[in-house]
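Below: one structure, written as structure tokens.
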Amino acid sequence: MMNLLVIDRSTDTQSAALVTNGNIVPRVFAGEDSRSGDWPVKVRDFLAANGVAPADLDQIVVGQGPGSFAGIRAALAFAQGLALGSRAQVVGLPSSVALTREHAKVAVVGDARRDRYWVILYDGVVTVKDFFLVTKAELGAAVPDGYTVVTPDGHRIDQLLRDHYGAHYAGALTPLAARLAEVAVAHPEQLKPEPLPVYLQAAVRS
């Protein structure tokens, strides 16, 4: 069986999961900032506590966001560095897929800043419409009938989404590596080779 490490640093609730012997072992690093310098050590200790060395890993899955760009880039760099010392393949999944539900239509909506909001539509884990940007005025029309709306950015846009979607808004959820691990195991076709951060707006020049 494969040993699979999954990491997500797209939010302040950073997490990891290990798939070994057919079981998913979750770990949440609560309260740690996305720039935490000792995060790689904690992941190393997490692997060791479960009897897995980096050289034993077959695959490393990274949550690509959207979210904390610094956290996502750090996670990708860590995964690529870890893979140098093993035969592991580095692949990605959008962190938003961790908020999906099997056999349900879900719209994940997030704060893209600069008065824009990102939306992605899922049917189960299958992308119906990939990430697109809308204004506040366009939010209502961005989600078709029959979709449940969730967000990883409840601390910023919870009330806005309640106002726009009413009973169709199911609230704020946190993308966790354990759910990404479930998707990676059940739907390996969703894994993306040579992953890059999901970045929805052009960088601003300083």
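This one's a predicted model, so the numbers in the text were calculated from it and none came from an experiment. All heavy atoms count here, side chains included; hydrogens, waters and symmetry mates do not.
Looking at residues two or more places apart in sequence or on another chain, you find no side chain to side chain donor-acceptor pair (under 3.5 Å) involving Y165. Residues passing the side chain to side chain contact (heavy atoms under 4.5 Å, CB included) test with D130, sequence neighbours excluded: I120, T127. Not counting sequence neighbours, T174 has no partner by the side chain to side chain donor-acceptor pair (under 3.5 Å) test. Listed by chain and number, the residues in a ring-ring contact (aromatic ring centres under 6.0 Å, His included) with F69 are Y199 (sequence neighbours excluded). Considering only residues two or more places apart in sequence or on other chains, D163 meets the side chain to side chain donor-acceptor pair (under 3.5 Å) condition with Q159. Under the salt bridge (Lys or Arg N to Asp or Glu O under 4.0 Å) criterion, D158 pairs with R162, not counting sequence neighbours. Shown here are the side chain to side chain donor-acceptor pair (under 3.5 Å) partners of Q190, two or more places apart in sequence or in another chain: there are none. Not a single ring-ring contact (aromatic ring centres under 6.0 Å, His included) links F46 to another residue, sequence neighbours left out.
A side-chain donor-acceptor contact under 3.5 Å links S96 and Y122. Side-chain atoms of S95 and D8 include a donor-acceptor pair closer than 3.5 Å.
Following chains of ILVMFWY side-chain contacts shorter than 4.5 Å, one cannot reach Y147 starting from V108, and the two form parts of different hydrophobic clusters.
Applying the salt bridge (charged side-chain N to carboxylate O under 4.0 Å, His left out) test to pairs two or more places apart or on separate chains, those with a residue in residues 147-156 are D111-R156, D153-R156. Applying the salt bridge (charged side-chain N to carboxylate O under 4.0 Å, His left out) test to residues at least two apart or on different chains, the pairs with a partner in residues 95-108 are E102-R179. Listed by first and then second residue, the salt bridge (charged side-chain N to carboxylate O under 4.0 Å, His left out) pairs involving residues 78-92 are D58-R87 (not counting sequence neighbours). Under the salt bridge (charged side-chain N to carboxylate O under 4.0 Å, His left out) criterion, no residue pair touches residues 60-79, with sequence neighbours excluded.
Heavy atoms only, all atoms of each residue included: Q89 and Q59 are closest at OE1-NE2, 2.8 Å.
More than 12 heavy atoms of other residues, nucleotides or ligands shown are found within 6.0 angstrom of CD on E189.
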